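Input: a single structure, listed below in structure tokens.
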Amino acid sequence: MFTGIIQTQATVINANQEDGVQRLVLSVERGYLGHLDIGASIAINGCCLTVVHFEVPPQDVVGQVHFDVIDETLLLTNLGNLRRGMKVNFERSVTFGTELGGHIVSGHIHDTAKVEEIIHEQNNCRIKLTLPSKWMKYIMYKGFVSVNGASLTVGNMDDNGFWLHLIPETLQITNIGLLEVGDAVNIEVDQHTLTIVNTVENYLRKQST
């Protein structure tokens with residue numbers, strides 16, 4: 001489980017395909033790898049991945065963490081687009097006592113959205129995302145959505161997409177500030193909204209039969 005509050009950005013060292021999986025190696029400040037164990041869960045661009053190896057050299061300010069990413073994950077997320085030198089959003093899983101500053105995020109990506117438009121203004125940035133229609137029923141104005149793992153509030157909407165309104169702090173801490181038109185971002189819709197919508201639809205379907 002995650003909060004959608006991005007802790008830092010990690011740098012891609014390797015994202016090669018080997019033996020049917022993507023061997024993903026990230027470089028990150030060593031402070032974010034403290035008390036880490038093999039098998040731990042870390043959200044990378046919002047996708048929950050399992051740590052298979054990590055290295056924290058005593059004299060270095062950065063360490064490396066390794067993941068194996070399977071085909072199903074690559075199909076549903078933007079992790080298959082990663083290349084050496086790219087930045088990814090990084091969040092360790094929550095622990096007891098963690099402040100829930102965003103919303104509950106599972107790390108299970110539903111789909112990717114496409115960046116259609118970016119408008120930079122003096123103190124904020126607006127980004128238009130388009131999303132496959134089957135997911136739009138779970139997107140609510142002023143509701144939550146996880147974008148590349150960041151818990152964000154939905155702005156104005158239309159039939160095929162929605163706007164994000166971002167402050168400079170969000171653009172600096174996350175890789176959302178590096179997006180360009182045409183890029184794909186990972187989307188996890190709010191689990192509470194998904195459950196409510198599906199429950200109501202199932203109830204109405206039963207009532208009509």
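Since this is a predicted model, take the numbers as computed values, not measurements. Computed over heavy atoms, backbone and side chain alike; hydrogens, waters and symmetry mates excluded.
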CG (L164) and CG (N124) are apart, to the nearest 0.5 Å, by 12.0 Å
Residue pairs meeting side chain to side chain donor-acceptor pair (under 3.5 Å), one or both in residues 60-83, sequence neighbours left out, come to R23-D68, N45-N78, N78-N148, N78-N186
Distance col, row I167:CD1 vs Q172:CD, nearest 0.5 angstrom, shows 10.5 Å
Donor-acceptor pair, D190 side chain versus T193 backbone, under 3.5 Å?
yes
**OP:** Indicate, with yes or no, if V197 and L194 share a hydrophobic cluster defined by side-chain heavy-atom contacts under 4.5 Å among Ile, Leu, Val, Met, Phe, Trp and Tyr.
**Re:** yes
> After noting the C-alpha distance and the side-chain angles of K137 and E201, does the key distance pass the salt bridge (charged side-chain N to carboxylate O under 4.0 Å, His left out) rule?
Replying inline: CA-CA 11 Å; K137 63 183 177 181; E201 286 187 344; 3.0 Å; yes
Report task. Treating Ile, Leu, Val, Met, Phe, Trp and Tyr as nodes and any side-chain heavy-atom pair under 4.5 angstrom as an edge, say whether I127 and Y141 lie in one connected cluster. Result -> yes
Note: with side-chain heavy atoms under 4.5 Å as the link, the other cluster members for I13 come out as V25
Q. D183 side chain to L179 main-chain N or O, any donor-acceptor pair under 3.5 Å?
A. no
Note: with side-chain heavy atoms under 4.5 Å as the link, the other cluster members for I38 come out as V12, L24, L26, V28, Y32, L33, L36, I42, I44, L49, V51, F54, V56, V65, F67, V69, L74, L79, L82, M86, V88, F90
Margin query: Can you confirm whether Q9 sits close enough to E29 that some side-chain heavy atom of one is under 4.5 Å from a side-chain heavy atom of the other?
Written below: no
*Around D159, counting heavy atoms of other residues, nucleotides and ligands shown, do more than 12 lie under 6.0 Å from its CG?*
no
Nearest heavy-atom approach of E91 to G149 is OE1-O, 4.3 Å
- Query: Any side-chain heavy-atom pair from Q191 and H103 closer than 4.5 angstrom?
  - Reply: no
Checking H120, E121, E117 against R126 for side chain to side chain donor-acceptor pair (under 3.5 Å), the one that qualifies is E121
The reported gap from CD1 in I187 to NE2 in H110 (rounded to nearest 0.5 angstrom) is 10.5 Å
**Asked** Do the non-hydrogen side-chain atoms of M140 and I196 ever get within less than 4.5 Å of each other?
**Response** no
To the nearest 0.5 Å, atom CG of L171 lies from atom CG of L166 at 5.0 Å
Correct closest heavy-atom pair for N123 and P168 would be O-CD, 3.1 Å
message = Are M157 and Y138 connected into the same hydrophobic cluster when the rule is that any two of I, L, V, M, F, W, Y join if their side-chain heavy atoms are below 4.5 Å apart?
response = yes
Hey, any chance I176 and I6 share a hydrophobic cluster, counting ILVMFWY side chains that come within less than 4.5 Å of each other, even indirectly? no
- Item | CD/Q207: more than 12 non-hydrogen atoms of other groups inside 6.0 Å | yes
Item checked: Any L129 side-chain heavy atom under 4.5 Å of V115 side chain -> yes
Are S106 and E188 close enough that some pair of their side-chain heavy atoms sits under 4.5 Å apart?
yes
Would you say that F162 contacts V145 through its side chain, given a criterion of any heavy-atom pair below 4.5 Å between the two side chains?
yes
Validation row: F2, S41 side chains within 4.5 angstrom (heavy atoms): yes
Do you reckon I104 sits in the same ILVMFWY cluster as L152, going by side-chain contacts under 4.5 Å, direct or chained? no
Taking every heavy atom of V105 against every heavy atom of T3, the minimum-distance pair comes out as CG2-C, 4.1 Å
Side-chain heavy-atom pair K87, L178 within 4.5 angstrom cut-off:
yes
- prompt: Between W135 and D111, is any side-chain donor less than 3.5 angstrom from a side-chain acceptor?
  reply: yes
In short, C125 meets I118 closest at the heavy-atom pair SG-CG2, 3.8 Å
Rounded to the nearest 0.5 Å, the CG atom of N14 sits from the OG atom of S27 at a distance of 12.5 Å
So does P57 get a backbone contact from the side chain of R30, meaning a donor-acceptor N/O pair under 3.5 Å? yes
Taken to the nearest 0.5 Å, the spacing of N156 CG from K128 NZ works out to 10.0 Å
Review point. With a cut-off of 6.0 Å (strictly less than), are more than 12 heavy atoms of other residues, nucleotides or ligands near NE2 of H53?
Key: yes
